[in-house]
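Reviewing the structure listed below.
Hydrogens, waters and symmetry mates play no part in the numbers below; they use all other heavy atoms, side chains included. Nothing here was measured: the structure is a model prediction, and the numbers come from that model.
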Amino acid sequence: MTQAHTALADTLKPVASMPADMNHDDLHDLIMHQLDEDQAQEIVSIPLEGKSSVADHMVIASGRSTRQVASMAQKLAEKVKQAGFGPARIEGLPAADWVLIDAGDVVVHLFRPEVRSFYNLERMWSFEGGEKAAGSA
C-alpha cells in the first residue's frame, strides 16, 4: 500500500465513540463532575435507559448567565473529547439561553434559569422523576 493509500485509509477509519474500557456510566460521571466543578445550578439527571432511544441519561442544569452557560458548554464538550468519548455536538451556543450538548449516551441541556423554567424539560421527560444531584445549589 502506498503512502497516499495509507493516509486515505487512516482518514476513512470510523472514529470510536467511546474507548473499550469505558461505558456510558463513566461518561455520565464525567459530565456530572464537570458541571459540579463549573458551579452549575440545580443539576438534574434523568435516566432514560430502556425508556427512550435518544440517550441513556439526560442531564439538565442552569447557569447564572449566558456567559456561564456558554463557558460550561464549551468546557464540557472539550472534557468529553479529551476523555476519549469523541466529539460532542453543541447547539445553541451563539445565544446561550439554552445550549444542548449531545455526547452520545448522555444529552446535556444547559439553561439560563428563566428559560429553563419556561420549557420545564424535567416535567416533560421525567418518567418517575429525575435524580437531583447531591450538593447542587
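Between Leu93 and Gln74, the closest side-chain pair of non-hydrogen atoms falls below 4.5 Å. Side-chain atoms of Val44 and Val59, non-hydrogen and from C-beta on, never get closer than 4.5 Å to each other. Counting only heavy atoms from C-beta outward, the side chains of Ile60 and Phe111 approach each other to under 4.5 Å. Side chains of Phe85 and Ile31 form no contact here, defined as non-hydrogen atoms less than 4.5 Å apart. Under the 4.5 Å side-chain criterion, counting only non-hydrogen atoms from C-beta, Gln39 is in contact with Gln68. Leu27 places a side-chain heavy atom less than 4.5 Å from the side chain of Val80. Looking at heavy atoms from C-beta onward, His57 lies out of side-chain contact with Val107 at the 4.5 angstrom threshold. The shortest side-chain heavy-atom distance between Asp97 and Val115 falls under the 4.5 Å cut-off.
Looking at Gln41, Glu42, Glu122 one by one, the single match for side chain to side chain donor-acceptor pair (under 3.5 Å) with Arg116 turns out to be Glu122.
For the atom pair Leu110 CG and Ile90 CD1, the distance stands at 9.5 Å (nearest 0.5 Å). To the nearest 0.5 angstrom, Ile43 atom CD1 is 9.0 Å from Asp38 atom CG. Note that CE of Met124 is 8.0 Å distant from CE of Met58, once rounded to the nearest 0.5 Å. For the atom pair CD of Gln82 and NZ of Lys75, the computed distance is 10.5 Å after rounding to the nearest 0.5 Å. Atoms CG and CD, from Leu30 and Glu37 in turn, are 11.0 Å apart once rounded to the nearest 0.5 Å.
Scanning both residues, Thr66 and Ala96, for their nearest heavy atoms gives O-CB, 3.4 Å. Taking both residues in full, the closest heavy atoms of Ala88 and Ile101 are given as CB-CG2, 3.8 Å, listed atom of the first, atom of the second, then distance. Contact between Val99 and Ala73 at its shortest, heavy atoms only, is CG1-CB, 3.5 Å.
Ring geometry for His109 against Trp98 counts as tilted: the plane angle lies between 30° and 60°, on a 0 to 90° scale.
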For this session: Evaluate side chain to side chain contact (heavy atoms under 4.5 Å, CB included) for Asp56 paired with Leu48, printing each intermediate quantity in order.
Result: CA-CA 5 Å; Asp56 291 332; Leu48 299 177; 5.9 Å; no
Exercise. Yes or no on side chain to side chain contact (heavy atoms under 4.5 Å, CB included) for Arg112 and Ser62, after CA distance, side-chain angles and deciding distance?
Worked result: CA-CA 5 Å; Arg112 279 188 315 105; Ser62 298; over 6 Å; no
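Salt-bridge formation is not detected for the pair Glu49/Lys51: no Lys NZ or Arg NE/NH1/NH2 atom is positioned less than 4.0 Å from an Asp or Glu carboxylate oxygen.
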